Amino acid sequence: KFRYCNPSYYLKRPKRLALLLILFVSASSFVWDRQTLVREHEFEVSKLNDEVRRLQNMLEEFTNRVPANVPIEMQRREKVKEAMIHAWSAYEKYAWGNDELLPQTQSGENSFGGLGATIIDSLDTLLIMGLDEQFQKAREWVANTLDFNKTYDASVFETTIRVVGGLLSTYDLSGDNIFLEKARDIADRLLPAWDTPSGIPYNIINLARGNAHNPGWTGGDSILADSGTEQLEFIALSQRTGDPKYQEKVEKAIVALNKTFPADGLVPIYVNPNDGTAYGTITFGAMGDSFYEYLLKAWIQGNKTSSVKPYRDMWEKSMKGLVSLIRRSSPSSFAYICEKTRETLTDKMDELACFAPGMLALGSSGYGKLAWTCYNFYQSTHTKLAGENYLFNPGRDMSVGTTWNILRPETVESLFYLWRLTGNVTYQEWGWNIFQAFEKNCRIESGYVGLTDVNLALKDNKMQTFFLAETLKYLYLLFSPPTVIPLDEWVFNTEAHPLRIVNRNDDIAGSERQHKPTVGLQGRKTGRFGGN
């Protein structure tokens, strides 16, 4: 049995020698591979440990830089500003000049005709946060590159609230005439949309050719929110330029709607541009929402004078109608706003309707119960981010209907107003929780993305312009002193662009021949408008 240990045995048997050599080489390779893997693993572990120590040192250094006595509101405000810098820097790097950033593919997309929508929508946010370097680069782009002469069928509503509103707000904040000139240019291109028999505007217009129409899927009708959400911007433009034509156009639409205004103030979402009659679903969500918002805000914009009282009267009538749509869930008694078709109520509420608590607070008409519901839209999901809409069923409270979250601002907008008007810090805490959920689930290296499913945390590939224009701005203001954009001097349009409140004067020719900037330059740390 020891013959197998004798080399001569194998020399006489070459096949067995070859087999022995193969076994030896295989065993040696296996042992070598295992040792190599162990060494590589130890090396990777060592690298990770070094990275952990580096990050711990950075965290300790950052913590030491923040004085212990810095108020929590200031610390949170700086976190929101850092989020804005991250979002803006990603857009600047991967999508500069395009309308929107696609963070996952690190590219840009022109979803608004190539108007640089993210730049225009972000201008006043950069100013308010004191991000001067970023603002100056954006200002140069507006002055030298922005061109509205495009054969593009633009949404009158979206272009008004984002572009006209963004440019006018930046003019009010900076006093720089380039923004007023650009606002007037784009507004002149939109004006033919109001050339209808009733004055109710068409919702689509070609920016170069001026031919207006409505989308085919509406059957030729205009949409309520799209037709009644241009008043703030065009009235402001008339006030700033001394040219009444802008105000006259948009107010003709309100006059037309008031002629057939229902007793409960609830207007269906489809409006005939020929005679102003309306039909379809009644909702405070998509396609209805901002019409009611602008009834109140046009009254505030006019400094609540008698000349704008008709707006307030229409709004109060609508709020009485709103009460008829409110129901409560079981078992938790969450208040929610139903949708209505003829006499039938549907137990569904859009996240878009979460602007309503803030609107009600601004109009001094109650608010708390709806705000709690909207906050629970967020708290009820795995990611703590709200879905697009919610369904209510007896005994089961609420459930997510449409599961996506596209970084919408409506709930934090309401929290901002509620905190400003009540001083209740609970609303700040709710806002901070929502911000942290955005940071955890939506922040990636190349910007911010929405979610296709708020329970599965599946990411989409778009950073919406309103995330920079609205969501981050309202969060920043939620942690800023009330002297930053005070609500008795400014009114926010539906894209969160603050416009200066001016006494309404229907004979406005020359009412603002000299316009001085409202704010001066301050450091990047505190932002403009001061406040600690």
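This one's a predicted model, so the numbers in the text were calculated from it and none came from an experiment.
Residues W419 and N424 share a closest heavy-atom pair of CD1-O, 3.5 Å. The minimum heavy-atom distance between P357 and L418, with the atom names listed, is O-CD2, 4.2 Å. Contact detail for T381 and V454: the closest heavy-atom pair is CG2-CG2, 3.7 Å. Between A236 and L168, the shortest heavy-atom distance links the atoms CB-CD1, 4.1 Å. Taking all atoms of both residues into account, the shortest heavy-atom contact from I205 to R189 is CD1-O, 3.3 Å. P498 approaches I128 most closely through the heavy-atom pair CG-CD1, 4.2 Å.
A salt bridge does not link E495 to K473: none of the charged side-chain nitrogens sits closer than 4.0 Å to a carboxylate oxygen. A salt bridge does not link E82 with R76: every distance from a Lys NZ or Arg NE/NH1/NH2 to an Asp or Glu carboxylate oxygen is 4.0 Å or more.
A 4.5 Å side-chain heavy-atom check between Y294 and N493 finds at least one atom pair inside the cut-off. With a 4.5 Å cut-off on side-chain heavy atoms, Q436 and N433 count as touching. Counting only heavy atoms from C-beta outward, the side chains of F112 and E158 approach each other to under 4.5 Å. The shortest distance between side-chain heavy atoms of V491 and I485 does not fall below 4.5 Å. Side-chain atoms of N393 and S399, non-hydrogen and from C-beta on, do get closer than 4.5 Å to each other. In this structure the side chain of F467 reaches within 4.5 angstrom of the side chain of L472, judged on heavy atoms. You'll find the side chain of T118 stays beyond 4.5 Å of the side chain of L101, heavy atoms only.
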- Query: Hey, mind stepping through T465 and E100 against side chain to side chain donor-acceptor pair (under 3.5 Å) and telling me if it holds?
  - Reply: CA-CA 6 Å; T465 76; E100 291 178 306; 4.9 Å; no
### Task
Report the C-alpha distance between E233 and T160 in whole Å, list the side-chain angles of each, state the deciding distance to 0.1 Å, and finish with yes or no for side chain to side chain donor-acceptor pair (under 3.5 Å).
CA-CA 7 Å; E233 296 83 0; T160 296; over 6 Å; no
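The ring-ring contact (aromatic ring centres under 6.0 Å, His included) check on Y152 picks up nothing, with sequence neighbours excluded. For C442, the disulfide (SG to SG under 2.5 Å) criterion is met by no residue, not counting sequence neighbours. With sequence neighbours left out, the salt bridge (charged side-chain N to carboxylate O under 4.0 Å, His left out) criterion links R420 to no other residue. The ring-ring contact (aromatic ring centres under 6.0 Å, His included) search around F234 returns W194, not counting sequence neighbours. By the salt bridge (charged side-chain N to carboxylate O under 4.0 Å, His left out) test, D347 pairs with no residue at all, sequence neighbours left out. Applying the side-chain contact (heavy atoms from CB on, under 4.5 Å) criterion to L458, with sequence neighbours excluded, gives T452, D453, L456. The salt bridge (charged side-chain N to carboxylate O under 4.0 Å, His left out) search around R396 returns none, not counting sequence neighbours. For E109, the salt bridge (charged side-chain N to carboxylate O under 4.0 Å, His left out) partners are K462, not counting sequence neighbours. The side-chain contact (heavy atoms from CB on, under 4.5 Å) check on K93 picks up nothing, with sequence neighbours excluded. Applying the ring-ring contact (aromatic ring centres under 6.0 Å, His included) rule to F466 yields no partners; only residues at least two apart in sequence or on another chain are considered. In terms of the side-chain contact (heavy atoms from CB on, under 4.5 Å) criterion, residue partners of N461 (sequence neighbours excluded) are, by chain and number, L102, P103, Q104, T105. For the side-chain contact (heavy atoms from CB on, under 4.5 Å) test, residues two or more places apart in sequence or in another chain that qualify with L146 are I120, W141, V142, F148, K182.
No donor-acceptor pair under 3.5 Å is formed between the side chain of D176 and the backbone N or O of Y171. S446 contributes no side-chain N or O that, together with a main-chain N or O of A90, makes up a donor-acceptor pair within less than 3.5 Å. Not one N or O on the side chain of T373 forms a donor-acceptor pair closer than 3.5 Å with the backbone of Y336. Without hydrogens or angle criteria, T159 side chain to V156 main chain gives no donor-acceptor distance under 3.5 Å. Side chain of K384 to main chain of Q379: a donor-acceptor pair is present (N/O by atom type, distance under 3.5 Å, no hydrogens or angles). Checked by atom type and distance alone, the side chain of S122 never pairs as donor or acceptor with a backbone atom of I119 at under 3.5 Å.
Side-chain N/O atoms of E140 and N144 include a donor and acceptor closer than 3.5 Å. A donor atom on one side chain and an acceptor atom on the other are not found under 3.5 Å apart for E339 and T281. A side-chain N or O of N203 and one of S227 form a donor-acceptor pair less than 3.5 Å apart. Side chain to side chain, D397 and S332 meet the donor-acceptor criterion of an N or O pair below 3.5 Å. When only modelled atom types and interatomic distance are considered, S290 and T229 share a side-chain donor-acceptor pair under 3.5 Å. Using modelled atom types, one finds a donor on one side chain and an acceptor on the other under 3.5 Å when comparing D121 with H497. A side-chain donor from one of E388 and W404 sits under 3.5 Å from a side-chain acceptor of the other. In summary, the side chains of T402 and N389 do present a donor paired with an acceptor at a separation below 3.5 Å, with no hydrogens or angles considered. Looking only at atom types and distance, the side chain of D350 has no donor-acceptor partner in the side chain of Y390 under 3.5 Å away.
To the nearest 0.5 Å, atoms CE (M359) and OH (Y292) are separated by 9.5 Å. Here CG of L421 is found 6.0 Å from CG of L487. Values are rounded to the nearest 0.5 Å. Going from atom OG1 of T471 over to atom CD1 of I434 covers 10.0 Å, rounded to the nearest 0.5 Å. In this structure, the separation between CG on L385 and CG on L407 is 8.5 Å, given to the nearest 0.5 Å. The distance from the CD1 atom of I337 to the SG atom of C354 is 8.0 Å, given to the nearest 0.5 Å. Note that CZ of F435 and CG of L478 are 11.5 Å apart. Values are rounded to the nearest 0.5 Å.
Cation-pi contact between K137 and W96: present, with separation from the ring centre below 6.0 Å and deviation from the ring axis of at most 45°. Y476 carries R77 over the face of its six-membered ring, with the cationic atom under 6.0 Å from the centre and within 45° of the normal.
When ring centroids are compared, F492 and Y474 come within the 6.0 Å threshold.
Using cut-offs of 30° and 60° for the angle between ring planes, the H86 and Y448 rings count as perpendicular. Note on ring orientation: taking the six-membered ring where Trp is involved, the planes of F179 and F135 are tilted (angle from 30° to 60°). Note: Y375 and W372 have tilted aromatic rings, judged against thresholds of 30 and 60 degrees for the angle between ring planes.
Of the residues listed (D289, L325, L352), the one engaging F284 in a side-chain contact (heavy atoms from CB on, under 4.5 Å) is L325, and it is the only one.
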